[in-house]
Structure formats: C-alpha cells, structure tokens
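Report on one structure; see the data block that follows.
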Amino acid sequence: MVHGISDDTVRGGARRILGNVAWLIGGKGFGAVCSIVYLGILARSLGVENFGLFSMIFATGQAIVELSKFQTWQMVVRFGMPALSRDDWDGFGRLAVAAGFIDFLGALLGCLMGWVAVYYLGQALDLDQRYTNVAFGFICALAFARASAPIGVLRALDRFDVAVAVGAITPLSRLIAAIVIWSVGATVELFLIAWAVLELIVAALHWFFAQRLARRSVRLRHLKHFRRTMSEHEGIFRFLGVVYLSTSVWGLIQQGPLLAVGYLLGASAAGVYRIADQLAKGLGKLATLMAQALYPEMNRQAREAGAEAFGRLLRRINVNVIVAGAALVLLSMLLGDTILVLIGGEAYGIGGPVLVPLVLAASFELASVSYEAVLHAYGKEHYQLYARIFTLLAMTVLIVLLASGGPIWIGWAVAGAMALGYAASSVIVWLTVRHHRKARA
C-alpha cells in the first residue's frame, strides 16, 4: 500500500495494458504477414527503380501527413477520460467532435503542403514528373484519411478490439489489391490510387464504429460548441501545440532518412533502403502499438497509483521491451540477407547490411516505448519534444557526415541518432519520475 493506493490497482493496470497490447499485436501480427507479402509483390512487380519512385512518393506523403496532423486521439484520451469517469457523455462528445474538426483543418493544411511539395519542390525531392498529379492526389487522400479523433474515442472506451479489427482491413485490402494489380499489370499509378482509396475507406469505418459505440456522444451538432469545448479544458491548446510539434519532428525522423537516400543516392538506392526500412519499422510499429496501449492506462495510473508502485510498473515494462528489442537485433544480424531476398528478390539482397542498423535504431524506439505515456501522464509532454528535436538534429548531422558511404552508413547514422535520443529520453524520464516521487513523499 502506497499513499493509500494498493498495488492491486497497478496489477489491474498491468493486466489492462497486456490485454490492450494483445489485441493490438494480434491484429498487427496478421497485418504484418499481409504487409510482408504485398511488399514483396510491390518490390518484384515494379522493379528496384520504380519501387524506389513509389517509396519516395509514399515517404513524402507520410512526412507531410506527420507535419500537418494533430494527434487528437491523445487529446480525446487525456481530456475525455475524466468526463467518462463522471458519466458526462455530452462533454466527451463535444471533445470528440472538436477533435474531428481539428483533424479536418489538419487535412486541409496537409493538402496545401502537398501542393507545394509536389508542384514546387518535386525536382528537389526527386519526384518523377510523370507522377505529379497522382502524387498530389495520393497525399491529399492520406491527409484526410489520417482521422485521429475516432481512434481516440475507441481507445478512451477501451475498445481496442474494434480498433484492431478496423485497422486489420488496411493490410488485408492492400494485399488483395496488390495481387489484382500484379495480375493486370503493375504500375506506380495503380498502387498509389489503390492505397489512397483504401485509406479513405478505413478512415470512414473508424468514424462509423466510433459513432456506434458512443452514440450518446459523437453527434455533429456538438460542432457548434467548438469554442466552448476548447475553453473549458485548461491547457488543451498548449497540449495540442506541443504534441503537434513533437509528432512533426518524429515524422521527419521516420521519413527523412529515406528521402535523404533518394535525394542523395537516387531512386534505386531508395528502393533498396525502403524494403530494409520497412522490415525494420515492423519493430517500430510494435513500439507504437505498445505506446498506444500504454497511453490510457499510464494516464489512469498516474492519478490512482502511488509513486513507488508506478515506478515498478514502468521498470517492468522497460525490462520486457529491452529483451524483445535485443532478440530482434540478433535475428536481423543472422537472417537479414535471407529475409530481404525472400521478400523482394535477388536485387534487394544488397540491403541486408542496411537492415542491421535500422533494426538497431527501431530497438531503441521500442526500448523507450513507455516514455511518451509517462511524460504525458505527468503533464511534461514538452520534455518529449525537446528529446525528439535533439534526436532530429543528431540524425541530420550524422547523415550529412556519413552519406558518402551509401545507404549502409545512412542506416548507421539513423541508429546512432536513435541511440543518443534514447539516452536523452531516459535521463529526462528518470528525472521526471524522481521529482514526482519526491513531491508525493
């Protein structure tokens, strides 16, 4: 018993976290199998150069989405869970609809950024002029499909099962589309159009289920209370601003290296780097999934659990993810070349050495899986922004210094930057938890 809160509270929280992670990993495990297959179809049917062009357009779209979207799902969870705890469904609904409107504004911003990137910076980004219009349409579709608010509703309601079921539609439908496109004649345009349409369908389904499960809350009429909603939650604008900047910086960290490879070394090098990066990002996606599962529970435990018990929960999570990350790095060292050849063909086998530093980089991301939730739970989300800016600066410097060595050394630049970022984040989280422990004592 710590500060009147028994460890049963924390054990219950750990069980809820494991349950949420099980749902997410189960769905994503299925998705991972599908994505490996359709990635292989893309790589083999398009060839190294065209696959590199597709990868450059896709990475540009992903980077723009990260620069334009607001993580409104975190806003819904952070400020909506207190409303749910007091059964204030109207208050929760106003917040969810306000978050949806912010998503819409972010999508418009993404389209504007896409216009500038494609029509004015396309040559600098090495975007083939044949794909200018379809690339712009693809970026706009991605921007509108990244609806974060309904996902926040599902997570606040602890309906990870529904979120996983809807999310699994994307990889399955991409696999089916890839097989059909391969059979009729693969082109970059067909894959981009198919991916765009599927993203929009899944976004619509997220909104459909969010409205069904929160029928008393998610109503369009709440939109007229937007200003009231934003004013009644103290600190919400600051929270959104910090999270937006943090997400934007993270988007550059995730997509910047691939764009750098394409810009500095050409589309073929980008294709080889992309397939290795995609596999490594499977580990990064595991980190993201675990962070999403942790986020609601960490916010709950920060309010309910004692400092010592909360610290034990944090340490337990960190030990588990570090062991998992180390095992995956070892696996990539032993089987990296074989896996890449099996998926993409002999032309991609040269990417094996690139896979090792990229998996190492992703393992550092996995090791820091709980940090975002901890800092947000303590109201220190700006600390995470500082750590990510430091990581981005380190990555930029290392890529500039090592790019002449080719994709392999760019991979090691990414790994080095992620290691430095992990060290900085660990110190920040340790000092934050220590400070709050002393304050509670």
Side-chain angles (χ1 to χ4, degrees), residues 55-56 58-71 74 106 109-110 113 116-117 121 124-125 146 239-265 270 273-274 276-278 280-281 283-285 287-288 291 325 354 357-376 380-405 407-429 432:
S55 300
M56 290 292 292
F58 189 83
T60 301
Q62 291 281 71
I64 288 173
V65 167
E66 296 298 331
L67 288 171
S68 62
K69 77 174 181 179
F70 296 85
Q71 291 281 20
Q74 293 183 342
L109 176 61
M113 289 182 175
V116 174
L121 302 176
L125 294 171
R146 288 297 188 267
F239 176 83
L240 273 177
V242 171
V243 171
Y244 165 75
L245 291 173
S246 184
T247 302
S248 298
V249 171
W250 188 247
L252 293 175
I253 291 171
Q254 291 287 295
Q255 306 301 330
L258 174 58
L259 295 174
V261 170
Y263 176 71
L264 296 171
L265 305 173
Y273 185 93
R274 159 75 177 181
D277 188 49
Q278 185 74 11
K281 276 187 169 52
L283 180 55
K285 286 180 181 178
T288 302
V354 184
L358 293 180
V359 171
L360 180 61
S363 71
F364 285 116
E365 181 183 349
L366 180 62
S368 61
V369 64
S370 61
Y371 291 173
E372 178 183 41
V374 172
L375 293 175
H376 283 219
K380 302 296 183 182
E381 54 274 352
H382 55 290
Y383 289 175
Q384 182 189 42
L385 172 60
Y386 301 154
R388 286 183 172 178
I389 291 174
F390 171 74
T391 304
L392 179 61
L393 292 174
M395 184 176 292
T396 302
V397 171
L398 289 173
I399 287 176
V400 170
L401 292 175
L402 301 176
S404 60
I408 295 174
W409 282 101
I410 290 181
W412 281 109
V414 173
M418 293 299 289
L420 292 171
Y422 171 70
S425 297
S426 298
V427 171
I428 289 171
V429 170
T432 300

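Keep in mind the model is a prediction, meaning the values are calculated, not measured.
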Problem - Heavy-atom closest pair, residues Ala361 and Val414 - result: CB-CG1, 3.8 Å
Practice task
Enter the distance from Gln384:CD to Ile428:CD1 here, rounded to the nearest 0.5 Å.
Solution key: 9.5 Å
Exercise for the section: For the residue pair Tyr273 and Leu358, establish whether any side-chain heavy-atom pair is separated by less than 4.5 Å. Expected result: yes
Fill in the blank from the handout: Here the gap from Ser248 atom OG to Ile64 atom CD1, rounded to the nearest 0.5 Å, amounts to 12.0 Å
Exercise for the section: Tell me, with the steps shown, if Leu67 and Leu109 meet side chain to side chain contact (heavy atoms under 4.5 Å, CB included). Expected result: CA-CA 9 Å; Leu67 288 171; Leu109 176 61; over 6 Å; no
Exercise for the section: Looking only at non-hydrogen atoms, find the nearest pair between Ala417 and Thr391 and report the distance. Expected result: O-CG2, 3.6 Å
Completion exercise
On a heavy-atom basis, the closest approach of Pro407 and Val354 is O-CG1, 4.0 Å
Exercise for the section: Look only at the side chain of Thr60 and the backbone of Met56, and say whether a donor-acceptor pair between them is shorter than 3.5 Å. Expected result: yes
Problem - Whether Arg388 side chain and Val249 backbone form a donor-acceptor pair below 3.5 Å - result: no
Handout entry: For the student: nearest non-hydrogen atoms of Phe364 and Met418, plus distance
Key = CB-O, 3.9 Å
Handout entry: Gln74, Gln71, His382 screened by side-chain contact (heavy atoms from CB on, under 4.5 Å) with Phe239, the one that passes
Key = Gln74
Practice task
Quickly, which of Ile399, Val397, Leu398 forms a side-chain contact (heavy atoms from CB on, under 4.5 Å) with Met395? Name it, please.
Solution key: Ile399
Practice task
Give, for atom CG of Leu245 and atom CZ of Phe70, the distance between the pair rounded to the nearest 0.5 Å.
Solution key: 9.0 Å
Exercise for the section: Look at the rings of Tyr383 and Tyr386 and say which category their plane angle falls in: under 30° parallel, 30 to 60° tilted, over 60° perpendicular. Expected result: tilted
Practice task
Would you mind reporting whether Val243 and Thr247 have side-chain heavy atoms less than 4.5 Å apart?
Solution key: yes
Completion exercise
In short, Trp412 meets Pro357 closest at the heavy-atom pair CD2-CB, 3.5 Å
Practice task
Taking the side chain as every heavy atom from C-beta outward, state whether Leu265 and Ile410 have any atom pair closer than 4.5 Å.
Solution key: yes
Problem - pair Lys69-Tyr244: side-chain heavy atoms closer than 4.5 Å - result: no
Problem - Side-chain touch Gln62/Glu66, heavy atoms, less than 4.5 angstrom - result: no
Completion exercise
Interatomic distance, OG@Ser425 vs CG@Leu375, rounded to 0.5 Å, equals 8.0 Å
